[in-house]
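Structure, as structure tokens:
In what follows, every heavy atom counts, from backbone to side chain, and hydrogens, waters and symmetry copies are set aside. One is the number of the first residue; the rest follow in order along the sequence. One-based numbering, in listed order, for ligands and for the atoms of each.
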Amino acid sequence: MKSVLVLFAHPKFEHSKTNKALVSKIQNREGVTFHDLYERYPDFNIDLPKEKELLKAHDVVIWHHPFYWYNCPPLMKQWIDVVLEFNWAYGPEGNALQDKKCLNVITTGGAREVYCSSGNNHYSVNEFLRPFEQTARLCGMEYLPPFAVMGTHNLSKENLDTYVDQYDELINALQEGKTFNITKECEFLNDTLLLNKKKEA
Ligand SMILES: Cc1cc2nc3c(=O)[nH]c(=O)nc-3n(C[C@H](O)[C@H](O)[C@H](O)COP(=O)(O)O)c2cc1C
């Protein structure tokens, strides 16, 4: 079974609805290390050896966060800046993360239809996430499409419950080392999971 490290960053987790629900089902799963960065590092003083040790010990790395100004919250950026060191994560001698899988799990206030060239946000979520994609690639990791929960302000309890189950299914697939059949119509891993389910039915 593959081991999964969930690096979680939410500056106001006590007020969270969507991420609280998403996290509830996966955080105590066997083989999953749920690492709440704001809880562990409220002073932003990241323990570099500890983070390196955690990364080394896992096969899959998830950057899980709400979308804040089309990006991650600041502590996650700090984590990237501090932990992904030259000649450790990248560079001529930097191969510590080689061949691990990596992806973003994000929640957005904006609905899916506003994240396109004709929508209010002009760009897709995947386009906004390009720096994460390239960061993962530079570190030799295999970057997967994001798992996204969008339109959080208007999400019904029923829809949220569906996403909670989907996230759990995703973790299961990652642990089993399943290969995702990523096609053009699959912008998000949510789409891939749904497509695979339809094919299996
Ligand atoms: C400071 C801040 C910036 C935000 N920026 C964005 C944004 O760029 N795009 C977007 O779709 N939603 C944005 N939102 C909305 C959050 O993404 C949304 O409230 C969150 O994903 C909901 O998850 P939660 O219930 O776990 O807090 C922002 C919210 C805050 C507080």
Side-chain angles (χ1 to χ4, degrees), residues 4-29 32-46 60-82 102-136 143-172 174 185-194:
V4 180
L5 175 62
V6 180
L7 297 165
F8 179 71
H10 194 315
K12 292 262 187 273
F13 193 41
E14 66 277 18
H15 300 306
S16 157
K17 183 185 79 172
T18 314
N19 286 285
K20 214 173 246 175
L22 288 174
V23 156
S24 65
K25 200 162 177 184
I26 61 103
Q27 67 178 341
N28 295 320
R29 272 188 76 122
V32 173
T33 304
F34 179 75
H35 190 33
D36 184 340
L37 296 178
Y38 274 92
E39 187 185 64
R40 178 72 178 77
Y41 302 119
D43 54 1
F44 276 53
N45 194 8
I46 291 172
V60 181
V61 180
I62 296 181
W63 287 311
H64 179 162
H65 57 93
F67 224 24
Y68 271 20
W69 289 107
Y70 310 105
N71 212 318
C72 61
L75 182 53
M76 183 151 287
K77 179 62 168 59
Q78 174 79 349
W79 181 95
I80 289 171
D81 292 352
V82 169
C102 183
L103 67 136
N104 289 82
V105 169
I106 62 159
T107 60
T108 70
R112 191 164 180 166
E113 53 272 21
V114 298
Y115 281 94
C116 64
S117 56
S118 57
N120 278 349
N121 287 331
H122 298 286
Y123 300 100
S124 70
V125 161
N126 303 51
E127 285 171 312
F128 283 116
L129 291 175
R130 289 283 188 259
F132 293 91
E133 177 178 349
Q134 182 51 28
T135 298
Y143 185 77
L144 299 172
F147 178 90
V149 177
M150 306 185 73
T152 56
H153 304 314
N154 298 312
L155 211 55
S156 69
K157 164 95 175 70
E158 199 187 8
N159 282 344
L160 181 55
D161 287 347
T162 304
Y163 283 120
V164 169
D165 288 341
Q166 265 191 358
Y167 190 20
D168 192 53
E169 282 169 35
L170 170 66
I171 297 284
N172 202 43
L174 291 165
E185 57 201 313
C186 295
E187 195 182 6
F188 303 132
L189 279 185
N190 320 36
D191 303 331
T192 316
L193 287 171
L194 281 176

Can you tell me if Asn121 uses its side chain to pair, donor with acceptor, with the backbone of Gly110 under 3.5 Å? no

Step by step, work out the salt bridge (charged side-chain N to carboxylate O under 4.0 Å, His left out) result for Lys20 and Glu14. CA-CA 8 Å; Lys20 214 173 246 175; Glu14 66 277 18; over 6 Å; no

One line per pair, note the atom names and distance for all nitrogen or oxygen contacts under 3.5 Å between ligand 1 and the protein.
residue  : atom   : partner : partner atom : Å
ligand 1 : 5 (N)  : Phe67   : O            : 3.4
ligand 1 : 5 (N)  : Trp69   : N            : 2.8
ligand 1 : 8 (O)  : Trp69   : N            : 3.1
ligand 1 : 8 (O)  : Tyr70   : N            : 2.8
ligand 1 : 9 (N)  : Tyr115  : OH           : 2.9
ligand 1 : 11 (O) : Gly109  : N            : 3.2
ligand 1 : 11 (O) : Gly110  : N            : 2.8
ligand 1 : 11 (O) : Tyr115  : OH           : 2.6
ligand 1 : 12 (N) : Gly109  : N            : 3.1
ligand 1 : 14 (N) : Phe67   : O            : 3.4
ligand 1 : 17 (O) : Phe67   : O            : 2.8
ligand 1 : 21 (O) : Thr107  : O            : 3.1
ligand 1 : 21 (O) : Thr107  : OG1          : 2.6
ligand 1 : 23 (O) : Asn19   : ND2          : 3.4
ligand 1 : 25 (O) : Lys17   : N            : 2.9
ligand 1 : 25 (O) : Thr18   : N            : 2.9
ligand 1 : 25 (O) : Thr18   : OG1          : 3.3
ligand 1 : 26 (O) : His10   : NE2          : 3.3
ligand 1 : 26 (O) : Ser16   : OG           : 2.7
ligand 1 : 26 (O) : Asn19   : N            : 2.9
ligand 1 : 26 (O) : Asn19   : ND2          : 2.7
ligand 1 : 27 (O) : His10   : NE2          : 2.8

Are Phe13 and Tyr38 an aromatic pair by the rule of ring centers under 6.0 Å? no

Sort and list the pairs that fulfil salt bridge (charged side-chain N to carboxylate O under 4.0 Å, His left out) and have at least one residue in residues 116-133, not counting sequence neighbours. Arg130-Glu133, Glu133-Arg137

Set out, in order, the CA-CA distance, both residues' side-chain angles and the distance that settles salt bridge (charged side-chain N to carboxylate O under 4.0 Å, His left out) for Arg40 and Asp36, then state yes or no. CA-CA 6 Å; Arg40 178 72 178 77; Asp36 184 340; over 6 Å; no

Is the closest side-chain heavy-atom distance between Leu7 and Val61 below 4.5 Å? yes

